[in-house]
Amino acid sequence: MRDFVNAVGGSPYFNINSSYSTNGFNITGGVNNGGETTDAYSRGTRLKDSGVLGVVNDAITSSRLPYNANGVY
């Protein structure tokens, strides 16, 4: 995943996104990896959406990940 995130920004595939906008906000082709963390199955081994949200919230709350309102987690 790390390699994908670090390589996708500015790629021809990802630049397709720059042809879209939402609520007047233009989407760019830029991607920044703001951080990464691991989780030792704190929510089990089969996650539903709520479990993923819990893992991400825990990581942000414990400062293992920075919060970014525009971030994709």
Side-chain angles (χ1 to χ4, degrees):
M1 197 67 193
R2 178 186 309 137
D3 291 342
F4 173 77
V5 170
N6 288 330
V8 72
S11 70
Y13 176 76
F14 197 79
N15 282 339
I16 292 169
N17 294 323
S18 64
S19 65
Y20 299 99
S21 66
T22 180
N23 296 327
F25 179 76
N26 292 327
I27 299 170
T28 69
V31 174
N32 294 315
N33 183 354
E36 59 187 75
T37 189
T38 58
D39 180 84
Y41 306 104
S42 67
R43 308 275 174 159
T45 59
R46 299 182 67 163
L47 297 177
K48 296 182 179 183
D49 290 347
S50 60
V52 173
L53 178 62
V55 168
V56 171
N57 281 335
D58 291 348
I60 292 170
T61 301
S62 67
S63 299
R64 291 184 322 226
L65 282 178
Y67 173 73
N68 183 331
N70 296 314
V72 176
Y73 294 91

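For clarity, every value in this text was computed on a predicted model and none was experimentally measured.
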>> Tell me every residue that passes side chain to side chain donor-acceptor pair (under 3.5 Å) with S50, counting only those two or more places apart in sequence or in another chain.
In response: none

> Residues in salt bridge (charged side-chain N to carboxylate O under 4.0 Å, His left out) with R2, at least two apart?
Replying inline: E36

>> Please give the remaining members of the hydrophobic cluster of Y41, linking ILVMFWY side chains under 4.5 Å, ordered by chain and number.
In response: none

>> Using a 4.5 Å cut-off between side-chain heavy atoms of Ile, Leu, Val, Met, Phe, Trp and Tyr, which other residues end up in the same hydrophobic cluster as V31?
In response: M1, F4, V5, V8, F14

>> Going by salt bridge (charged side-chain N to carboxylate O under 4.0 Å, His left out), name the pairs with one or both residues in residues 19-30, residues two or more places apart or in two chains.
In response: none

> Excluding sequence neighbours, so at least two apart, what forms side chain to side chain donor-acceptor pair (under 3.5 Å) with D39?
Replying inline: S42

Show me the donor-acceptor pairs within less than 3.5 Å that the side chains of residues 64-73 make with the rest of the protein, sequence neighbours left out.
from : atom 1 : to  : atom 2 : distance (Å)
R64  : NE     : T37 : OG1    : 3.4
N68  : OD1    : N70 : N      : 2.7
N68  : OD1    : G71 : N      : 3.4
Y73  : OH     : P66 : O      : 2.9
Y73  : OH     : N68 : N      : 2.7

>> Filter on salt bridge (charged side-chain N to carboxylate O under 4.0 Å, His left out), then keep only pairs touching residues 12-31, sequence neighbours left out; what's left?
In response: none

> Pairs in or reaching into residues 12-34: which pass salt bridge (charged side-chain N to carboxylate O under 4.0 Å, His left out), with residues at least two apart or in two chains?
Replying inline: none

> Could you give all pairs that pass the salt bridge (charged side-chain N to carboxylate O under 4.0 Å, His left out) test and reach residues 23-32, with sequence neighbours left out?
Replying inline: none

> Residues two or more places apart in sequence or in another chain: which of them pass salt bridge (charged side-chain N to carboxylate O under 4.0 Å, His left out) with R43?
Replying inline: D58

